[in-house]
K.L.:
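Quick one: the structure is below, and I'll ask about it shortly.
Source: prediction; values computed, not measured.
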Amino acid sequence: MRLGFAVKVLGKEGIKSSDARRWQNSPHLKFSIEYAHIVFDYLEATGITMYRLPSDFAPYLTHPDLPQFHNQLEEAHDELVELGKHAQKLNLRLSFHPSQYILLNSPNEKLTEGSIREFVAASTMLDIMGCGSEAVVVTHVGGVYGDRDGSIARFIKHYNERLPEVAKKRLVLENDDKSYGVADTLRIHKSTGVRLIFDHQHHSCINNGEMTHEEACCASLKTWGTNGRPKIHFSSPRIENRTIMRRDKETGKRKASECAPLMSQHADMVDSDVFVPFARSVRELCGIEFDVMCEAKSKDLAVLQLREDLQKAGDFVVE
DNA sequence: CGATGTCAAGGAATC
DNA sequence: GATTCCTTGACATCG
């Protein structure tokens with residue numbers, strides 16, 4: 001089992017994850033790659049073997065109004081190859097997770113077209129780096145647009161008919177916290193063959209009671225077949241009662257009012273008292289090995305903590 | 001230097 | 001139809 005985290009290193013100061021300068025200052029993938037080498041050095045030092053690259057790794061790569069950024073993959077080709085070699089030397093599993101604005105199922109033609117370019121670009125970077133099929137590009141189903149079935153059908157259609165092969169090989173689908181649960185991603189898998197990421201916390205958010213976490217997880221793991229070791233997302237909810245300032249209709253004044261606790265926010269650390277029994281149940285139920293992307297607020301620090309907890313548990317092999 | 005505003009983008013809920 | 005939240009770090013500007 002590999003443990004990984006997303007984008008930002010917190011365990012050491014001064015490590016950037018991408019060239020985040022404004023377009024006026026000509027940021028470039030080449031600089032992001034330089035930063036990534038430093039991140040990889042940190043991963044080597046801490047023994048962390050899985051890492052999600054930032055969605056803006058190549059800044060403005062597909063921005064419709066900034067064509068001067070569109071050739072970065074070619075311009076940084078050799079540097080990408082070198083970065084890939086560095087990753088392989090560390091036996092590092094890499095991934096991308098494009099931002100919320102990238103949607104495969106949009107009815108807006110321009111948006112879908114742009115998103116496909118983005119998926120192709122992320123996939124191509126992994127290709128150039130020479131990564132195996134375990135290096136994936138993660139996405140969600142997308143918007144509902146007032147018609148769930150139609151929007152699921154549109155995802156399937158766009159995936160099957162429009163997504164180039166290079167991206168089909170990399171794209172994987174994750175259940176989300178609001179609109180599309182594991183029942184939906186499983187349905188889409190049947191029509192597309194897309195591999196599924198099980199997100200444990202998102203499953204808690206939707207919680208329709210039809211599938212336990214273990215059942216939903218195993219069903220998702222099975223969609224990988226022999227195409228690389230599956231991966232799940234795991235995080236613990238930040239449970240916190242919030243008070244918000246709401247404007248009172250009668251008086252027009254703002255006053256504090258209670259609000260339901262938010263279950264969708266991430267806690268600092270992964271709760272191993274939840275993770276360990278869950279992972280054991282999954283092992284018992286289907287016996288499929290998997291990697292774990294920790295989506296905790298404390299990022300790499302949460303990974304190091306979880307790794308320690310797993311070593312104490314004694315019955316997990318952490319790579 | 002510290003505080004504050006801003007960043008390319010969509011979707012959904014709210015009013 | 002317009003506004004705000006979601007969620008996030010860090011760049012960029014201002015005092």
Side-chain angles (χ1 to χ4, degrees), chain A residues 5-29 31-32 35-36 38-39 52-70 72 96-119 121-122 139-148 150-152 154-155 158 174 176-180 184 199 201-202 205-206 233 235 237-238 240 242-250 252 254 257 259-268 295-302:
Chain A
F5 68 99
V7 183
K8 175 67 183 161
V9 171
L10 294 184
K12 193 174 166 190
E13 293 222 334
I15 299 184
K16 297 186 190 185
S17 39
S18 69
D19 187 359
R21 292 173 297 166
R22 305 288 193 263
W23 64 265
Q24 293 88 338
N25 296 313
S26 305
H28 200 282
L29 171 59
F31 294 105
S32 291
Y35 300 149
I38 297 168
V39 171
R52 178 192 300 163
L53 293 158
S55 57
D56 53 357
F57 198 51
Y60 304 102
L61 183 65
T62 63
H63 192 297
D65 304 326
L66 300 172
Q68 68 268 36
F69 288 99
H70 292 185
Q72 288 176 86
F96 279 108
H97 194 342
S99 77
Q100 57 183 315
Y101 304 108
I102 309 303
L103 297 153
L104 190 58
N105 82 335
S106 174
N108 176 338
E109 192 48 33
K110 279 243 169 358
L111 188 53
T112 297
E113 201 53 47
S115 297
I116 288 175
R117 276 168 55 213
E118 198 75 35
F119 290 133
T139 192
H140 296 283
V141 182
V144 175
Y145 311 99
D147 175 12
R148 279 174 50 81
S151 297
I152 288 175
R154 200 163 46 249
F155 182 100
H158 289 172
E174 175 189 350
D176 69 48
D177 58 340
K178 285 192 186 71
S179 310
Y180 299 104
D184 300 311
D199 187 303
Q201 187 177 359
H202 289 168
C205 292
I206 289 190
H233 290 177
S235 49
R238 169 177 302 268
E240 194 173 84
R242 313 177 296 161
T243 48
I244 57 170
M245 299 302 285
R246 197 169 263 155
R247 197 173 292 279
D248 188 279
K249 280 212 179 97
E250 311 269 308
R254 289 157 78 86
S257 67
C259 192
L262 261 181
M263 291 293 290
S264 59
Q265 294 192 338
H266 293 154
D268 291 343
E295 295 191 319
K297 259 189 94 175
S298 293
K299 308 279 185 186
D300 48 314
L301 302 177

K.L.:
How long is the line joining CG of A/Asp177 and P of B/dA13, in whole Å?
P.N.:
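Value for this atom pair: 12 Å.
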K.L.:
Applying a 3.5 Å limit to both distances, which nucleotide forms a Watson-Crick or G-U wobble pair with B/dA8?
P.N.:
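Check on B/dA8: unpaired, no WC or wobble geometry under 3.5 Å.
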K.L.:
Within the sub-3.5 Å range, which N or O atoms of nucleotides 13-15 of chain C have a protein N or O partner, and how far apart are they?
P.N.:
none

K.L.:
If you pin A/Lys297 and A/Tyr101 to their nearest nucleotides in DNA chain C, which one's is more 5'?
P.N.:
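Looking at DNA chain C, the more 5' nearest nucleotide goes with A/Tyr101.
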K.L.:
Please tell me whether A/His233 and A/His266 form a close aromatic pair, meaning their ring centres lie under 6.0 Å apart.
P.N.:
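Between A/His233 and A/His266, the centre distance exceeds or equals 6.0 Å.
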K.L.:
How about CD on A/Gln24, more than 12 heavy atoms from neighbouring residues, nucleotides or ligands closer than 6.0 Å, or not?
P.N.:
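It does: A/Gln24 CD has more than 12 such atoms within range.
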K.L.:
Could you tell me how far B/dG10 sits from C/dC11 if I compare only their C1' atoms? Round to whole Å.
P.N.:
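Going atom to atom, C1' in each nucleotide, I get 23 Å.
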K.L.:
Would you indicate what A/Leu66 reaches in the nucleic acid, counting non-hydrogen atoms under 4.0 angstrom: base, sugar-phosphate, or nothing?
P.N.:
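If one applies the 4.0 Å heavy-atom cut-off, A/Leu66 turns out to touch nothing in the nucleic acid.
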K.L.:
With a cut-off of less than 4.0 Å, is there a side-chain N or O of A/Asn25 near OP1 or OP2 of C/dA12?
P.N.:
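Looking at the OP1 and OP2 atoms of C/dA12, one of them is under 4.0 Å from a side-chain N or O of A/Asn25.
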K.L.:
Would you give the length of the straight line joining atom CZ of A/Arg154 to atom CG of A/Leu103, rounded to the nearest 0.5 angstrom?
P.N.:
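Between A/Arg154 CZ and A/Leu103 CG, I get 10.0 Å after rounding to 0.5 Å.
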K.L.:
Could you state the interatomic distance from CZ (A/Arg22) to OH (A/Tyr60), rounded to the nearest 0.5 Å?
P.N.:
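That separation rounds to 6.5 Å.
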K.L.:
More than 12 non-hydrogen atoms from neighbouring residues, nucleotides or ligands closer than 6.0 Å to NZ on A/Lys8, yes or no?
P.N.:
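Counting neighbours around NZ of A/Lys8, more than 12 heavy atoms of other residues, nucleotides or ligands fall under 6.0 Å, so yes.
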K.L.:
Rounded to the nearest 0.5 Å, what separates atom CD in A/Gln100 from atom OG in A/Ser55?
P.N.:
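A/Gln100 atom CD to A/Ser55 atom OG measures 9.5 Å (nearest 0.5 Å).
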K.L.:
Is A/Val144 touching bases, backbone alone, or none of the nucleic acid, heavy atoms closer than 4.0 Å?
P.N.:
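Sugar-phosphate contact only - A/Val144 comes under 4.0 Å of backbone atoms but never of a base.
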K.L.:
Rounded to whole Å, please give me the gap between CZ in A/Phe5 and P in C/dG9.
P.N.:
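Distance, rounded to whole Å: 13 Å.
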K.L.:
Take atom CG of A/Asp65 and atom P of B/dC7, then tell me their distance rounded to the nearest Å.
P.N.:
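So the two atoms are 14 Å apart, to the nearest Å.
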K.L.:
If you look at every strand shown and take non-hydrogen atoms under 4.0 Å, does A/Tyr60 touch a base, only sugar-phosphate, or nothing?
P.N.:
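The residue A/Tyr60 makes base contact.
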K.L.:
Rounded to whole Å, how long is the line connecting atom CZ of A/Arg52 with atom P of C/dG9?
P.N.:
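Distance check: A/Arg52 CZ to C/dG9 P gives 13 Å.
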K.L.:
Starting at CZ of A/Phe31 and ending at P of C/dC11, how long is that distance when rounded to a whole Å?
P.N.:
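Taking CZ of A/Phe31 and P of C/dC11, I get 13 Å after rounding.
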K.L.:
Send over the distance from A/Trp23 CH2 to B/dC7 P, rounded to a whole Å.
P.N.:
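The answer, rounded to whole Å, is 12 Å.
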K.L.:
Can you tell me the Watson-Crick or wobble partner of B/dT14, both distances under 3.5 angstrom?
P.N.:
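C/dA2 is the nucleotide pairing with B/dT14.
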K.L.:
A/Lys178 NZ to B/dG11 C1': how many Å, rounded?
P.N.:
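Rounding to the nearest Å, NZ of A/Lys178 and C1' of B/dG11 are 10 Å apart.
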K.L.:
Quantified in whole Å, what is the P atom distance between nucleotide C/dT4 and nucleotide B/dT6?
P.N.:
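It comes out at 13 Å once rounded to the nearest Å.
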K.L.:
Can you tell me how far P of B/dG10 sits from OH of A/Tyr180, to the nearest Å?
P.N.:
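My rounded result for the distance is 17 Å.
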K.L.:
How long is the span from the OG1 atom in A/Thr139 to the CZ atom in A/Phe155, to the nearest 0.5 Å?
P.N.:
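The CZ atom of A/Phe155 is 6.5 Å from OG1 of A/Thr139, to the nearest 0.5 Å.
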K.L.:
OP1 or OP2 of B/dG11 sitting under 4.0 Å from any side-chain N/O of A/Ser179?
P.N.:
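No, no such contact exists.
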K.L.:
Could you tell me the separation between the OG atom of A/Ser26 and the CG atom of A/Leu66, rounded to the nearest 0.5 Å?
P.N.:
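One gets 10.0 Å once the value is rounded to the nearest 0.5 Å.
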K.L.:
More 5' along DNA chain C: A/Gln100 or A/Lys8, using each one's nearest nucleotide?
P.N.:
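Counting from the 5' end, the first nearest nucleotide belongs to A/Gln100.
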K.L.:
Heavy atom of residues 15-22 of chain A under 4.0 Å from DNA chain B: which residues?
P.N.:
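Nucleic-acid contacts, sorted: A/Arg22.
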K.L.:
I'd like the P distance from C/dG9 over to B/dA12, given in whole Å.
P.N.:
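Here B/dA12 and C/dG9 have their P atoms 25 Å from each other.
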K.L.:
Once rounded to the nearest 0.5 Å, what's the spacing between atom NE2 of A/His63 and atom CD of A/Glu118?
P.N.:
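Separation between the atoms: 11.0 Å.
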K.L.:
Of A/Glu295, A/Lys178, A/Glu174, A/His140, which meets side-chain hydrogen bond (donor to acceptor under 3.5 Å, both in side chains) against A/His202?
P.N.:
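Testing A/His202 for a side-chain hydrogen bond (donor to acceptor under 3.5 Å, both in side chains) against A/Glu295, A/Lys178, A/Glu174, A/His140 leaves exactly one candidate, A/Glu174.
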